[in-house]
Amino acid sequence: MMQDRETVAFVGWLAKIDPRIMYGPEATEAWHHALANVSAGAAKLAVMEYKRLYPTAPTPADIATRARQLQASHAAKQRALAAAPTKPSDTIPLRQRDPQRWAQLIQAGKQQRETTLKERAS
């Protein structure tokens with residue numbers, strides 16, 4: 001998702017933040033290959049996290065991996081927010097909601113059971 005121009009700008013930005021990063025055509029090509037499927041915003045967030053956590057210079061693989069994780073996390077959050085709300089479950093049991101209907105169902109069950117037993121006995 002990063003274009004050549006974006007990769008050049010990203011590597012330039014990264015070289016300003018960390019002077020250990022090589023800035024040249026070969027280095028830019030390596031970064032572009034690693035970050036081909038990553039957005040520029042996710043790559044920058046990954047660099048900021050990496051710089052906060054580690055004292056070493058970031059590698060293209062480190063940043064690409066973390067950027068993909070950030071993108072997947074963001075996409076999952078968006079799917080969760082867009083998901084249809086579930087219907088609330090009925091928290092009041094039928095016995096409390098409609099005692100008369102409950103009694104009818106119990107009586108019908110008893111009659112059905114008696115009929116089944118009589119049919120088996122005959």
Side-chain angles (χ1 to χ4, degrees):
M1 297 186 322
M2 280 184 78
Q3 303 299 321
D4 290 335
R5 292 176 299 133
E6 291 175 319
T7 305
V8 170
F10 172 77
V11 175
W13 171 79
L14 185 56
K16 288 177 186 174
I17 291 176
D18 191 340
R20 296 173 291 185
I21 301 296
M22 295 175 60
Y23 183 71
E26 297 84 10
T28 303
E29 185 177 344
W31 280 96
H32 181 67
H33 180 71
L35 300 175
N37 296 324
V38 175
S39 70
K44 283 188 177 185
L45 282 175
V47 168
M48 298 308 284
E49 279 189 12
Y50 189 92
K51 294 298 290 174
R52 182 175 50 88
L53 296 173
Y54 305 106
T56 60
T59 65
D62 294 333
I63 300 307
T65 300
R66 184 60 187 143
R68 281 192 292 274
Q69 291 171 347
L70 288 170
Q71 284 180 325
S73 175
H74 178 72
K77 286 178 186 175
Q78 294 304 314
R79 283 192 306 271
L81 291 173
T86 58
K87 290 183 178 180
S89 63
D90 197 5
T91 57
I92 302 173
L94 178 63
R95 190 173 193 172
Q96 291 176 357
R97 272 185 294 144
D98 193 353
Q100 190 174 14
R101 173 92 172 118
W102 177 263
Q104 289 173 349
L105 290 172
I106 293 294
Q107 189 61 34
K110 285 180 183 178
Q111 289 175 355
Q112 185 179 7
R113 179 71 177 153
E114 287 176 14
T115 305
T116 304
L117 291 175
K118 286 181 185 176
E119 288 175 1
R120 285 186 188 169
S122 3

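Being a predicted model, the structure only gives us computed values, none of them experimental.
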**Q** If you apply the rule side chain to side chain contact (heavy atoms under 4.5 Å, CB included), what do you find for Tyr54 with Asp62, and how did you get there?
**A** CA-CA 11 Å; Tyr54 305 106; Asp62 294 333; over 6 Å; no
**Q** Can Gln111 and Gln107 be said to form a side chain to side chain contact (heavy atoms under 4.5 Å, CB included), step by step?
**A** CA-CA 6 Å; Gln111 289 175 355; Gln107 189 61 34; 3.8 Å; yes
**Q** Looking at Leu105 and Leu94, what are the two nearest heavy atoms and their distance?
**A**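 So the minimum-distance heavy-atom pair works out to CD1-CD2, 3.7 Å.
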**Q** With sequence neighbours excluded, what pairs up with Gln78 under the side-chain contact (heavy atoms from CB on, under 4.5 Å) test?
**A** His74, Leu81
**Q** Going from CZ on Arg113 to NZ on Lys110, what distance comes out if it is rounded to the nearest 0.5 angstrom?
**A** 13.5 Å
**Q** Side chain to side chain contact (heavy atoms under 4.5 Å, CB included) for Val38 and Ile63? Distances and angles first, verdict last.
**A** CA-CA 10 Å; Val38 175; Ile63 300 307; over 6 Å; no
**Q** To the nearest 0.5 Å, what is the distance between CZ on Phe10 and CG on Leu35?
**A**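 Atom-to-atom, Phe10:CZ and Leu35:CG are 5.5 Å apart.
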**Q** Apart from Leu70 itself, what residues make up its hydrophobic cluster, given side-chain heavy atom links below 4.5 Å?
**A**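 Its cluster partners, ordered by chain and number, are Leu45.
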**Q** Do Met22 and Leu14 belong to the same hydrophobic cluster, where Ile, Leu, Val, Met, Phe, Trp and Tyr are linked whenever their side-chain heavy atoms lie under 4.5 Å apart, directly or via other members?
**A**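 No: no chain of side-chain contacts under 4.5 Å links Met22 to Leu14.
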**Q** Ignoring hydrogens, what is the shortest heavy-atom contact between Tyr23 and Ala15? Give both atom names and the distance.
**A**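 Scanning both residues completely, I find the closest heavy atoms to be CB-CB, 4.1 Å.
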**Q** Could you work out the complete set of other residues in the hydrophobic cluster of Met1, with links drawn between I, L, V, M, F, W and Y side chains under 4.5 Å apart?
**A**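 For Met1, no cluster forms, as it stays isolated from other hydrophobic side chains.
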**Q** With a 6.0 Å cut-off (strictly less than), is the heavy-atom count around CG of Asn37, excluding the residue itself, greater than 12?
**A** no
**Q** Let me confirm one number: the CD-CG distance from Gln112 to Leu117, rounded to the nearest 0.5 Å.
**A**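 Interatomic distance, Gln112 CD to Leu117 CG, rounded to 0.5 Å: 11.0 Å.
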**Q** State, with a plain yes or no, whether a side-chain heavy atom of Lys77 is found less than 4.5 Å away from one of Ser73.
**A** yes
**Q** State, to 0.1 Å, how close Asp18 and Pro58 come at their nearest heavy-atom pair, and which atoms those are.
**A**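 So the two residues come closest at OD2-CD, 3.5 Å.
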**Q** Side chains of Gln69 and Arg66: any donor to acceptor distance under 3.5 Å?
**A** yes
**Q** For Ala64 and Ala34, work out which heavy atoms get closest and say how close.
**A**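 Closest pair (atom of Ala64, atom of Ala34, distance): CB-O, 3.3 Å.
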**Q** What closest approach, in Å, do Ala42 and Gln71 show between heavy atoms, and which atom pair accounts for it?
**A**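 In terms of heavy atoms, the two residues are closest at CB-CG, 3.7 Å.
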**Q** Can you tell me if Glu6 uses its side chain to pair, donor with acceptor, with the backbone of Gln3 under 3.5 Å?
**A** yes
**Q** For the CZ atom on Arg5, are there more than 12 heavy atoms of other groups (residues, nucleotides or ligands in this structure) within a distance under 6.0 Å?
**A** no
**Q** To the nearest 0.5 Å, what is the distance between CH2 (Trp13) and CD1 (Ile21)?
**A**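 Taking CH2 in Trp13 and CD1 in Ile21, the distance rounds to 10.5 Å.
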